[in-house]
Amino acid sequence: MNLFNSALGKNITFVHPEYFMISGLSGIPDIKYYYVFLFFVYIVSVIGNTVVMAVIYFDHNLRAPKYIAVFNLAFVDLFGNTALVPKLLDIFLFNHPYIPYNDCLAFLFFCYTCLSMQSFNLVALSYDRLVAIIFPLHYPVKVTHRFMLSLIAFFWALVILAVLIAVGLITRLSFCQSVVINSYFCDHGQIYRLACNDHYPNYVVSCFYPVLIFWLPLVFILISYLYIGFTLAKVASVHEGLKAFKTCIGHLSLVAIYFIPLLVTFTLMEKIHPNARIINLSLTSVFPPMLNPIIYVLQTQEIKESVKRLLKICNKSKITKNKKISAM
């Protein structure tokens, strides 16, 4: 990060605190039960996303390019929740609110990287549905394994670079007074506002990144589904159109679950109460990763059939093993 800690070739000394303090929710009785609730949500998320990843990995019938994005979505959900929830429980249930400076920046990096990747994963799935429905004959050519892997890799590189820039700009800030972060994790917006030197570049980043990471993906997704709906209305019967659009219900559910709480929070900004903002964002961080595998298992016929096949194979292997044991 030395690149960020200089200005026009001149070395500048910045005042970095030894630690930050995460304040969390305030003035709410028995708030520890909320964090216990988040823990159970996390457990369901870990089980669900692990099952989805295992099913896609072991079932060779799920080797379509679409499932590269689904696998990556499950991985990001699992990784993101694991980066957030255990640390959150350590802070608030075990009363360790003080986080060393470098640890806080690492915490920020992993949380924002995973939160941002969820958005771009939904873009990849949206593009897959767009091509599959509008250009079904061209789908094997336009959406290949190589293309989907390249798209996912590009999104990872973009998100990591963007978050690294945000973290690097924080290292240019001096903290002379308060080190209390009014959030449930090391939140970028809450950190840079504590600085006692010029934080205008951080302010620009905080305004630009929501557009890049949330608004532009959402606009692309909405336009793609409007195009799908318009095209189906022209060329297909009502029954055929509904049948084709039914394949998009799972993805649209993920889009709504992910984007609506974020857009409410970012639209209201300072008008929303700090406790309401913290609860909204914390639920947005942990609920979509829990619901994503449930929605995909319930809505995607291929995954449901794959789970049934794998369960049959497991049952057959158990029966065969028991017969061998009985024969001995």
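Just so you know, these numbers come straight off a predicted model, no measurement behind them. Along the sequence shown, residues are numbered consecutively beginning with 1.
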Run the numbers on Tyr203 and Tyr200 for side-chain contact (heavy atoms from CB on, under 4.5 Å), then give the verdict.
CA-CA 5 Å; Tyr203 169 74; Tyr200 183 73; 4.0 Å; yes

Evaluate side-chain contact (heavy atoms from CB on, under 4.5 Å) for Arg277 paired with Ser183, printing each intermediate quantity in order.
CA-CA 8 Å; Arg277 177 178 55 81; Ser183 186; 4.2 Å; yes

Passes ring-ring contact (aromatic ring centres under 6.0 Å, His included), Phe92 versus Tyr34? Steps please.
CA-CA 10 Å; Phe92 298 112; Tyr34 175 70; 9.5 Å; no

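Side-chain contact check for Thr50 versus Met53: every heavy-atom pair is 4.5 Å or farther apart. Tyr209 has its side chain out of reach of Ser116: every pair of non-hydrogen atoms, C-beta onward, lies at least 4.5 Å apart. In this structure, Val179 and Tyr19 have side chains that are in contact, with non-hydrogen atoms separated by less than 4.5 Å. Counting heavy atoms from C-beta outward, Ile278 and Asn182 have side chains that approach closer than 4.5 Å. Contact annotation: the side chain of Leu130 never approaches that of Phe135 to less than 4.5 Å [non-hydrogen atoms, C-beta and beyond]. No side-chain heavy atom of Glu18 sits less than 4.5 Å from a side-chain heavy atom of Tyr98. Residues Tyr258 and Leu254 fail the side-chain proximity criterion, which asks for heavy atoms closer than 4.5 Å. Looking only at side-chain heavy atoms (C-beta outward), Leu88 and Tyr35 come within less than 4.5 Å of each other.
Across all non-hydrogen atoms, the minimal contact from Ser285 to Leu84 is CB-CD2, 3.5 Å. In terms of heavy atoms, His96 sits closest to Asp90 at ND1-OD1, 2.8 Å. Scanning both residues, Pro140 and Thr144, for their nearest heavy atoms gives O-CG2, 3.3 Å. Heavy-atom minimum distance, Ile91 versus Pro97: CG2-CA, 3.7 Å. When all heavy atoms are compared, the tightest approach of Leu38 to Leu283 is CD2-CD2, 4.1 Å. Of all the heavy atoms in Pro217 and Phe259, the pair that sits closest is CB-CZ, 4.4 Å.
The hydrophobic clustering, which links ILVMFWY residues whose side-chain heavy atoms are closer than 4.5 Å, places Ile99 and Phe94 together. In the hydrophobic cluster analysis, where Ile, Leu, Val, Met, Phe, Trp and Tyr join through side-chain heavy atoms closer than 4.5 angstrom, Val219 is grouped apart from Leu252. Clustering ILVMFWY residues whenever any of their side-chain heavy atoms sit less than 4.5 angstrom apart, transitively, puts Leu93 in the very cluster that holds Val46. No continuous path of hydrophobic side-chain contacts links Ile223 to Ile133 [ILVMFWY only; heavy atoms under 4.5 Å]. Taken together through direct or relayed side-chain contacts under 4.5 Å among Ile, Leu, Val, Met, Phe, Trp and Tyr, Phe40 and Leu78 form part of one hydrophobic cluster.
With sequence neighbours left out, the ring-ring contact (aromatic ring centres under 6.0 Å, His included) criterion links Phe71 to no other residue. Under the rule for a disulfide (SG to SG under 2.5 Å), the partners of Cys104 that lie at least two apart in sequence or sit in another chain are Cys186.
Side-chain atoms of Arg63 never come within 3.5 Å of backbone atoms of Ile68 as a donor-acceptor pair (strictly under, hydrogens ignored). Side-chain atoms of Asn197 do not come within 3.5 Å of backbone N or O of Phe14 as any donor-acceptor pair. The closest donor-acceptor contact from the side chain of Asp59 to the backbone of Val55 lies at 3.5 Å or more, if one exists at all. In this structure, the side chain of Ser45 does not engage the main chain of Val41 through any donor-acceptor pair within 3.5 Å. Counting only distance, with no hydrogens or angles, the side chain of Asn280 and the backbone of Pro261 share a donor-acceptor pair below 3.5 Å.
For Phe175 and Phe20, the gap between ring centers is short of 6.0 Å. Annotation: Phe185 is not in aromatic contact with Phe110 [ring centroid separation under 6.0 Å not met]. If you look at Tyr127 and Phe147, their ring centroids are closer than 6.0 Å. Taking the centre of each ring, Tyr192 and His188 come in below the 6.0 Å mark.
A salt bridge does not link Lys87 with Asp103: none of the charged nitrogens is closer than 4.0 Å to a carboxylate oxygen.
Within 6.0 Å of atom CZ in Phe39, 12 or fewer heavy atoms from other residues, nucleotides or ligands are found, so the atom counts as exposed in its surroundings.
A distance of 8.0 Å separates OG of Ser119 from CG of Leu218, quoted to the nearest 0.5 Å. In this structure, CG in Leu105 is found 7.5 Å from OG1 in Thr171, a value given to the nearest 0.5 Å. Between atom NZ of residue Lys66 and atom CE of residue Met148 there is a gap of 10.0 Å, rounded to the nearest 0.5 Å. To the nearest 0.5 Å, the span separating CD1 on Ile294 from CG on Asn49 amounts to 9.5 Å. His199 NE2 to Ile170 CD1: the interatomic distance, rounded to the nearest 0.5 Å, is 11.5 Å. Rounding to the nearest 0.5 Å places NZ of Lys32 at 11.5 Å from CG of Leu89.
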Give the table of side-chain donor-acceptor pairs shorter than 3.5 Å for residues 149-168, with sequence neighbours excluded, one pair per line with atom names and distance.
| residue | atom | partner | partner atom | Å |
| --- | --- | --- | --- | --- |
| Ser150 | OG | Arg146 | O | 2.8 |
| Trp156 | NE1 | Asn72 | OD1 | 3.0 |

